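Report on one structure; see the data block that follows.
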Amino acid sequence: MSKEMTGAEMVIQALADQGVDHLFGYPGGAVLPIYDALFHQNRIEHILVRHEQAAVHSAEGYARSSGKVGVVLVTSGPGATNAVTGLTDALMDSIPIVCITGQVATHLIGNDAFQECDTVGITRPCTKHNYLVRDVNDLARVLHEAFYVAQNGRPGPVVVDIPKDVQFAKGTYVGRENIEHKTYKPKLVGDADKIQQAVDMIAGAKRPIFYTGGGVINSGPAASRALRELARLTGVPVTSTLMGLGAFPAANGQWLGMLGMHGTYEANMTMHGCDVMVCIGARFDDRITGRLDAFSPGSKKIHIDIDPSSINKNVKVDLPIIGDCAKVLDAMLAAWKSQDRHIDRAALDDWWKQIDRWRGRNSLAYRLLPDTIKPQQAIERLYAATKDRDVYISTEVGQHQMWAAQFFRFEEPNRWLTSGGLGTMGYGLPAAIGAQIAHPEALCVDIAGEASILMNMQEMSTAVQFNLPVKIFILNNRYMGMVRQWQELLHGGRYSHSYSEALPDFVKLADAYGGVGIRCEKPGDLDGAIQEMINIKRPVIFDCIVDQQENCFPMIPSGRAHNEMILGDMAVDLDEAITDEGKMLV
């Protein structure tokens with residue numbers, strides 16, 4: 001397809017050719033030609049957010065839940081700089097985003113013009129790639145390249161900065177079928193000899209583990225299916241990072257729960273004691289490893305990742321396999337089946353007996369109270385009420401996020417939307433909006449804290465305007481909970497500026513936005529109030545008043561090894577706290 005059109009028209013045509021149905025944005029002077037082109041078409045629905053950071057988070061929620069590229073449109077200057085937090089979040093969590101930014105006219109670039117900023121310079125560290133388009137005849141090619149780069153290899157955000165005069169100028173539009181990126185060609189298929197080595201190492205293992213991450217989910221449903229089949233055939237235990245939840249079903253007996261700083265005792269101890277670790281689509285980040293020099297010291301490590309820069313970046317591995325998770329896992333499955341391989345069953349049985357002893361610590365146990373809602377209890381009751389529904393869970397960042405990861409059990413991929421690498425407060429509500437746009441009939445719930453939710457509360461207006469029945473489920477403990485917990489445990493109980501003072505009345509706030517507010521303070525009222533929230537087909541703010549002093553355990557303190565966990569007082573008999581398998585710090 002080749003024809004003459006304006007730059008603004010090219011943007012809309014390119015989005016349509018890329019299969020874009022929804023666009024998250026906020027207008028401004030430097031993108032008005034594109035907004036005018038939007039006005040004259042009905043193929044792409046524009047979702048008006050109330051802040052550019054929220055536009056990117058909404059696009060992230062849309063992308064993460066649907067598997068499509070999330071698309072953002074913002075103006076120059078503050079529009080672009082407001083998007084930086086979202087772009088950084090998407091980069092760290094490998095979310096495919098194309099962000100189109102307006103720019104002042106080309107002859108004004110570098111002159112400190114009104115609402116000018118060096119968007120390319122500012123976003124270079126927080127994007128996978130970025131472009132400044134100075135010639136309208138390059139625009140279509142750049143836009144199609146941006147989609148290719150965003151979704152191929154390790155996914156990530158791409159910025160296309162378009163000066164206003166380029167939007168007005170006329171040029172030749174080139175369709176996506178004529179575009180081929182000549183230099184960026186990620187390796188998808190793993191080396192056959194290395195895949196064979198991996199199969200041999202797994203078959204020879206006595207104490208193996210599959211350590212999975214967000215890369216399994218980014219690789220698509222085929223990767224999750226292959227992981228499940230490989231786990232079934234081998235009998236190997238499976239754990240996951242925060243970003244990988246749902247790739248392996250929580251109901252499966254081989255599932256150990258999440259690992260890392262707030263992971264389960266059994267997951268962390270199994271990682272510590274394994275002899276062969278198969279890392280699939282994860283990057284050995286600090287929240288998983290704890291102290292690096294004590295991380296899984298006796299294991300041989302296999303690392304499967306599509307991003308070569310992740311290999312040996314944090315942890316030196318014995319067998320790197322570069323490739324797409326789905327393709328590598330499929331190849332491993334094929335080799336395992338064709339060669340009729342088996343693990344030493346007696347050794348594996350002994351390994352599972354040890355794992356079951358660690359499970360017996362019941363590291364997620366907590367103490368119920370008659371008149372106070374425990375935050376873990378609130379998550380468990382929310383899960384019980386929604387487990388048979390088509391549900392997508394997003395979160396803000398803090399204690400509530402970790403409790404959600406621990407107690408909401410995910411059976412399928414793409415249902416868990418959270419900010420992992422950057423830890424962005426304010427992520428959850430716009431992400432839930434993006435998921436609701438992608439899945440209009442689904443139940444989309446943002447599990448929030450009363451502090452985090454205020455970071456992007458203005459997006460209630462977006463939810464109300466577009467009739468999106470998102471639910472904001474606030475665990476309200478009147479503290480910045482994770483900050484308070486660290487101050488209690490590591491800073492002598494000096495709660496410096498962590499108390500949430502001057503909070504709004506969330507029920508009245510919901511009403512002010514045109515939504516519905518519900519407050520729940522007693523355990524006995526919880527189930528009924530949650531059901532009421534679900535039944536309401538409008539945006540709801542659910543203010544759940546929970547125990548102020550509850551801490552999130554297990555916890556690996558900063559600077560400790562991952563087998564040195566603080567456990568809650570219900571998890572273990574303190575007389576048996578110090579064991580050969582690990583330590584409990586008290």
Side-chain angles (χ1 to χ4, degrees), residues 7-8 10-11 14-15 18 20 23-26 28 30-31 33-34 52-60 62-63 68-106 108-110 113 115-167 174 176 179-186 218 307 309 421-422 424:
M10 286 183 187
V11 171
L15 296 185
Q18 290 289 338
V20 174
L23 174 64
F24 300 90
Y26 199 95
V31 282
I34 299 174
E52 292 88 353
Q53 177 189 346
V56 185
H57 292 329
S58 292
E60 287 184 275
Y62 184 93
K68 299 178 181 179
V69 176
V71 185
V72 176
L73 176 60
V74 298
T75 194
S76 63
T81 58
N82 279 348
V84 163
T85 297
L87 292 170
T88 309
D89 191 276
L91 181 69
M92 294 192 73
D93 286 344
S94 305
I95 310 299
I97 299 292
V98 170
C99 179
I100 298 166
T101 59
Q103 184 56 273
V104 300
T106 52
L108 293 174
I109 293 175
Q115 290 195 333
E116 180 197 358
C117 74
D118 179 6
T119 300
V120 167
I122 290 170
T123 62
R124 186 171 287 119
C126 64
T127 56
K128 187 176 177 184
H129 194 57
N130 59 18
Y131 302 84
L132 172 60
V133 183
R134 292 177 176 269
D135 184 339
V136 69
N137 289 303
D138 293 331
L139 181 55
R141 172 186 60 80
V142 167
L143 288 165
H144 294 309
E145 278 191 13
F147 277 85
Y148 174 84
V149 172
Q151 61 191 319
N152 282 275
R154 179 179 175 179
V158 178
V159 163
V160 181
D161 198 32
I162 311 174
K164 193 169 183 177
D165 57 325
V166 173
Q167 298 171 42
V174 180
R176 63 179 295 186
I179 303 298
E180 179 185 1
H181 203 290
K182 294 181 173 57
T183 58
Y184 182 58
K185 294 185 180 294
N218 289 340
D307 180 9
S309 71
L422 194 61
T424 308

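In this chain, numbering begins with 1 at the start of the sequence shown. Not measured: the values here are computed from a predicted model.
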Let me check something: any side-chain donor-acceptor pairs from residues 134-142 under 3.5 Å, sequence neighbours excluded? List them with distances.
{"residue": "Asp135", "atom": "OD1", "partner": "Asn137", "partner atom": "N", "Å": "2.9"}
{"residue": "Asn137", "atom": "OD1", "partner": "Thr172", "partner atom": "N", "Å": "2.9"}
{"residue": "Arg141", "atom": "NH1", "partner": "Glu145", "partner atom": "OE2", "Å": "3.1"}

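- Every residue meeting the side chain to side chain donor-acceptor pair (under 3.5 Å) condition with Ser94, not counting sequence neighbours, appears here in chain and number order: Arg154.
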Thr127 vs Leu91, test: side chain to side chain contact (heavy atoms under 4.5 Å, CB included). Steps then yes/no.
CA-CA 6 Å; Thr127 56; Leu91 181 69; 5.8 Å; no

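- Legend: ring pair (Phe, Tyr, Trp, His ring centres under 6.0 Å) pairs involving residues 122-141, not counting sequence neighbours, sorted by first then second residue: His129-Tyr131.
- For the atom pair Leu73 CG and Ile162 CD1, the distance stands at 8.0 Å (nearest 0.5 Å).
- Heavy-atom minimum distance, Phe24 versus Ser58: CD2-CB, 3.6 Å.
- Taking every heavy atom of both residues into account, Val149 and Lys128 meet most closely at O-NZ, 2.6 Å.
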Can you list the steps and then say if Asn130 with Thr119 is a side chain to side chain contact (heavy atoms under 4.5 Å, CB included)?
CA-CA 9 Å; Asn130 59 18; Thr119 300; over 6 Å; no

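- The backbone N or O of Ala30 sits less than 3.5 Å from a side-chain atom of Gln167, completing a donor-acceptor pair.
- Taking CD from Gln53 and OG1 from Thr85, the interatomic distance works out to 4.5 Å, rounded to the nearest 0.5 Å.
- In terms of modelled atom types and a separation under 3.5 Å, the side chain of Thr75 and the main chain of Gly102 share no donor-acceptor contact.
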Using the side chain to side chain contact (heavy atoms under 4.5 Å, CB included) rule, take Tyr148 and Val158 through it: C-alpha gap first, then chi angles, then the decisive distance, then the call.
CA-CA 10 Å; Tyr148 174 84; Val158 178; over 6 Å; no

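- In terms of heavy-atom proximity, Pro163 sits nearest to Val104 at CB-O, 3.3 Å.
- Looking only at distances, a side-chain donor or acceptor of His144 sits under 3.5 Å from a matching main-chain atom of Val174.
- Counting heavy atoms from C-beta outward, Asp89 and Ile95 have side chains that stay 4.5 Å or more apart.
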Passes side chain to side chain contact (heavy atoms under 4.5 Å, CB included), Phe147 versus Val71? Steps please.
CA-CA 9 Å; Phe147 277 85; Val71 185; 3.8 Å; yes

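- Minimum interatomic distance between Asp93 and Gly421 (heavy atoms only, all atoms of both residues): OD1-N, 2.8 Å.
- Counting only distance, with no hydrogens or angles, the side chain of Ser76 and the backbone of Gln115 share a donor-acceptor pair below 3.5 Å.
- In terms of heavy atoms, Glu116 sits closest to Leu108 at OE1-O, 3.5 Å.
- For the atom pair Leu15 CG and Met10 CE, the distance stands at 13.0 Å (nearest 0.5 Å).
- A distance of 12.0 Å separates OG1 in Thr81 from CG in Asp118, rounded to the nearest 0.5 Å.
- Minimum heavy-atom separation, Pro33 to Ala8: O-CB, 3.3 Å.
- Of the possible polar contacts, none joining the Asp165 side chain to the Ala105 backbone as a donor-acceptor pair under 3.5 Å is found.
- Annotation: side chain of Leu23 is not in contact with side chain of Ile100 (no heavy-atom distance under 4.5 Å).
- Expressed to the nearest 0.5 Å, how far CD of Gln151 lies from CD of Gln18 amounts to 6.5 Å.
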